[in-house]
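The block underneath contains the structure these notes are about, expressed in C-alpha cells.
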Amino acid sequence: MENYTYPLDTDWSTAEIVQVVDFYNAVEQAFEKGINKAALLDKYQVFKKIVPSKMQEKQLDKQFNTVSGYSIYQAIQAARATTGTQVHIKEGQ
C-alpha cells in the first residue's frame, strides 16, 4: 500500500471522515484484490450522503485519482455493470 493523503473536506465531522476514508479503502480494494459488490455500493451510498454534490464528488474523485491512481467513478461503474457479487477492476479496464 502506498503512503498518500486522502482528499478530505475540513467541514466534515470525524465520523464523516472515517466513513469517507472507509469508502476510499473500498475503492482501492476494488482495484487491488476485489471487493463484494454490495459492500462497495453500500459504502458509496454513505459517501453520497456526505458528498451529495456531483461537482464535489468529481473533484474528490480527481484528487483521489491523482494521489492513488484509482478512480471512484470507474469502481462504481464496474460495480453497477457486473452481474456477479464481486468487483475486481483489472488494469486497463
Side-chain angles (χ1 to χ4, degrees):
M1 163 129 171
E2 304 275 327
N3 255 350
Y4 47 81
T5 304
Y6 290 122
L8 302 170
D9 189 318
T10 54
D11 293 336
W12 293 340
S13 70
T14 301
E16 288 172 330
I17 289 172
V18 168
Q19 291 171 317
V20 169
V21 168
D22 187 45
F23 173 65
Y24 288 154
N25 286 331
V27 170
E28 291 171 344
Q29 208 176 328
F31 282 87
E32 292 171 1
K33 59 186 176 219
I35 188 171
N36 179 278
K37 172 184 175 173
L40 177 61
L41 291 175
D42 287 348
K43 291 173 192 298
Y44 180 64
Q45 289 309 313
V46 172
F47 173 76
K48 286 304 294 169
K49 286 185 177 122
I50 299 166
V51 184
S53 156
K54 220 23 165 174
M55 190 173 80
Q56 186 183 16
E57 179 182 350
K58 286 180 179 181
Q59 289 170 340
L60 290 170
D61 186 16
K62 186 175 182 184
Q63 293 167 2
F64 181 68
N65 186 269
T66 299
V67 297
S68 71
Y70 302 132
S71 164
I72 292 169
Y73 177 79
Q74 273 188 331
I76 297 306
Q77 289 301 107
R80 288 177 175 158
T82 187
T83 54
T85 58
Q86 286 291 113
V87 178
H88 190 187
I89 303 162
K90 312 275 192 273
E91 279 303 312
Q93 192 172 339

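Numbers here are sequence positions counted from 1. The basis for the numbers below is simple: all heavy atoms, side chains too, and nothing from hydrogens, waters or symmetry mates. These numbers come from a predicted model, not from an experiment.
Using a 4.5 Å heavy-atom cutoff, the side chains of K62 and Q59 are not in contact. Taking the side chain as every heavy atom from C-beta outward, E28 and N25 approach each other to under 4.5 Å. Side-chain contact check for Y70 versus I89: every heavy-atom pair is 4.5 Å or farther apart.
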With a cut-off of 3.5 Å and sequence neighbours excluded, list every side-chain donor-acceptor pair involving residues 16-24.
{"residue": "E16", "atom": "OE1", "partner": "S13", "partner atom": "N", "Å": "2.8"}
{"residue": "D22", "atom": "OD2", "partner": "K43", "partner atom": "NZ", "Å": "2.7"}
{"residue": "Y24", "atom": "OH", "partner": "P7", "partner atom": "O", "Å": "2.8"}

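Expressed to the nearest 0.5 Å, how far NE2 of H88 lies from CZ of F31 amounts to 9.5 Å. To the nearest 0.5 angstrom, K33 atom NZ is 11.5 Å from Q86 atom CD. A distance of 11.5 Å separates CD of Q63 from OG1 of T5, quoted to the nearest 0.5 Å. For the atom pair NZ of K48 and CD1 of I76, the computed distance is 10.0 Å after rounding to the nearest 0.5 Å. The CD1 atom of I35 sits 11.5 Å away from atom OG1 of T85, with the distance rounded to the nearest 0.5 Å. Taking CG of D9 as the reference point, atom CG of L60 lies at 7.5 Å (rounded to 0.5 Å).
Counting all heavy atoms, side chain and backbone alike, V27 lies closest to A75 at CG1-CB, 4.0 Å. Summarising the geometry of A30 relative to L40, their closest heavy-atom pair is CB-CD2, 4.3 Å, with the distance given to 0.1 Å.
Q77 pairs by the side chain to side chain contact (heavy atoms under 4.5 Å, CB included) definition with Y73, R80, not counting sequence neighbours. In terms of the side chain to side chain contact (heavy atoms under 4.5 Å, CB included) criterion, residue partners of K37 (sequence neighbours excluded) are, by chain and number, L41, A79, T82, V87.
Panel note: side chain K49, backbone P52; no donor-acceptor pair is recorded below 3.5 Å.
K58 NZ: 12 or fewer foreign heavy atoms inside a 6.0 Å radius.
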